[in-house]
Amino acid sequence: MSAPAAPAHVTCPQCKAPLPCFDEQQSTHFSCPTCHMFFGLKEGNLHTPKKLRKFTQEPAHALALPVGTLGSLRGQPFRVTGYMIRKEARTRASWEEYQLLNPETHTYAQLALYEGHWTYITPTDQKFTIITRQGNRATVDTDDHYYELYNRYSPRVLYAEGEFDWNILDDEGLKIAEFIDPPLMLVEEKKVRSATWYLAEHVEPAEVQEGFNVPPSRMPFRMGTGAVQPAPGANWDALKNFSLGLAVLVTFTHVFFSLLRPETTLADLSWATSSTTPAAAAPPDSSTAPVLEAVKVSSPFEVPYNTALEFDLRANLNNQWVEVPVVLVNEQTGRTYDFAKTMEYYSGVEDGESWSEGSVTADAVLADIPAGRYHVNLYPTTDITQIVTGNLRVAINTPLHSNVVLFLALLLAYPAVQYLRRQNYEHSRWQNSDYGPQDQ
């Protein structure tokens, strides 16, 4: 966005270059982008500068927001009046800060930039109480937020250009503490016994780019996880509460109906395959073939209402197989319902290791069985030389736990994925801090 000419200018005491001054009333210190001299004005007099420091470091890239740029952010107009590169006194971590002047209200804000992550910072008159926790942790509690200590440091100014309404070198005597509750941050700047608080908020790069009409080539690449960058899932709380609420409702409903109509056994039948007679043992003129199966009939039972019937089969197998055709017979209408199950179980030892395969149980469900009087016919069949015994149980109102578990699994799958993503995000965030939950 094009910017009108500055209303006033200040002459650099080092190289005599004219520097624009957009805030004659409040600006007291300037830094020359040509010779990097930082100087202050005596009692605000534009013609009596005092040299304070010559910066030796320069920006490694073109500024995303050159000094003088006009734009808007969070619905407010701003002009970029100053720029700094700062670092922590005890580490190599450095970041950039842009000084923003609202030309309508003549108030200031800062826009910090670290590894492509933008943070909008404004002063607040509120005072906050820091609560010391276990170890080196600390928090700030408010009515709406729970801020955790993320960083403590003293700043150093490596470079500056533009105009400022305070001596930025004085900041090197500050003790700064940052408390985060993404996407928000509280910043305490403390000097001796006085403290000033700032409220900071994460800003997406696209908002900065659009608000200040920044060419894509000047936008820095974002790396890692920002201190107050929101975790994935903007509506996480709503998703979490909805999913957990629905899961509790489904579980409660399942338990309620299980208690309202408890599982009832209608038939319990023990069975065995018939012993066989070799063909050679039969009389020559006998028409009786060897018996391969024999029907097993349960006692009659009543189905009190239209419902599903659960059939549980168990066989005593040892390196054997058995096939069990089952026929449910309505004694009043003659209608039949049938199914068959095959069970096999084999085990042994091979190369010193035990192995097994198969199962000795099977189950089936016949749905929508009308009320009436029934019995069950079984036709168990196995190898002609062996006998297999087993049991059949018929029940109604059997809780379909698998259906509930499947529904809950599908219901909670997406929230679970989001939860894991958010946990990974938080882990990445706190890796950049010497404080926080992972250090407990």
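The aromatic rings of Phe252 and Phe256 sit parallel to each other, their planes meeting at less than 30°, with 60° as the upper class boundary.
Each of Thr398, Asp363, Leu392 was evaluated against Phe311; a single residue qualifies, Leu392, per the side chain to side chain contact (heavy atoms under 4.5 Å, CB included) test. Between His427 and the options Arg429, Gln431, Gln423, a side-chain hydrogen bond (donor to acceptor under 3.5 Å, both in side chains) holds for only Gln431.
Closest of all the heavy-atom pairs between Ser31 and Phe38 is CB-CD1, 3.8 Å.
Listed by first and then second residue, the ring pair (Phe, Tyr, Trp, His ring centres under 6.0 Å) pairs involving residues 356-378 amount to none (not counting sequence neighbours). Sorted by first and then second residue, the ring pair (Phe, Tyr, Trp, His ring centres under 6.0 Å) pairs involving residues 176-200 (not counting sequence neighbours) are Phe128-Trp197.
Side-chain atoms of Thr251 come within 3.5 Å of backbone atoms of Ala247 as a donor-acceptor pair (strictly under, hydrogens ignored). Formation of a donor-acceptor pair under 3.5 Å by the Arg79 side chain with backbone atoms of Phe22 is not found in this model. Counting only distance, with no hydrogens or angles, the side chain of Thr91 and the backbone of Ala93 share a donor-acceptor pair below 3.5 Å.
In summary, Arg86 and Glu97 engage in a salt bridge, as defined by a charged side-chain N under 4.0 Å from a carboxylate O. Using a 4.0 Å cut-off between a side-chain N of Lys or Arg and a carboxylate O of Asp or Glu, Arg222 and Glu204 qualify as a salt bridge. A salt bridge does not link Glu88 with Arg152: every distance from a Lys NZ or Arg NE/NH1/NH2 to an Asp or Glu carboxylate oxygen is 4.0 Å or more. Using a cutoff of 4.0 Å between basic side-chain nitrogens and carboxylate oxygens, Glu188 and Lys175 are not scored as salt-bridged.
Partners of Glu350 by salt bridge (Lys or Arg N to Asp or Glu O under 4.0 Å), not counting sequence neighbours: none found. Residues meeting the salt bridge (Lys or Arg N to Asp or Glu O under 4.0 Å) test with Arg335, sequence neighbours left out: none. Looking at residues two or more places apart in sequence or on another chain, you find no salt bridge (Lys or Arg N to Asp or Glu O under 4.0 Å) involving Glu178. When the side chain to side chain donor-acceptor pair (under 3.5 Å) test is applied to Asn397, the partners found at least two apart in sequence or on another chain are Tyr305.
Ring centroids of Trp95 and Tyr159 are separated by 6.0 Å or more, keeping the two rings apart. Aromatic pair Trp430/Tyr150: ring centres closer than 6.0 Å.
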